[in-house]
Amino acid sequence: MTRFLFLIPLVLSVLWFVYLRVNGWTLRQGLRGFIYILIFSSFVAIVYTLLLWLTGR
């Protein structure tokens, strides 16, 4: 399951890109959303890394 974690930011970014295009916004206007996706994905990666380290796996 953890080998598919890279899909989280990929899918979120694609969905955000589609949302921007459907509503006629530019990538520049949607930059903050991509930053939030990056922060959220980093947080998830850190939590999973910490859990793996704590459980000794």
Can you give each donor-acceptor pair under 3.5 Å made by side-chain atoms of residues 36-47, sequence neighbours left out, with the distance rounded to 0.1 Å?
| residue | atom | partner | partner atom | Å |
| --- | --- | --- | --- | --- |
| Ser41 | OG | Ile37 | O | 2.9 |
| Ser42 | OG | Leu38 | O | 2.8 |

Name the atoms and distances for all side-chain donor-acceptor pairs under 3.5 Å in residues 6-16, with sequence neighbours left out.
| residue | atom | partner | partner atom | Å |
| --- | --- | --- | --- | --- |
| Ser13 | OG | Pro9 | O | 2.8 |
| Trp16 | NE1 | Gly30 | O | 2.8 |

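Residues Leu20 and Arg28 form no side-chain contact, since every pair of their non-hydrogen atoms from C-beta on lies 4.5 Å or further apart.
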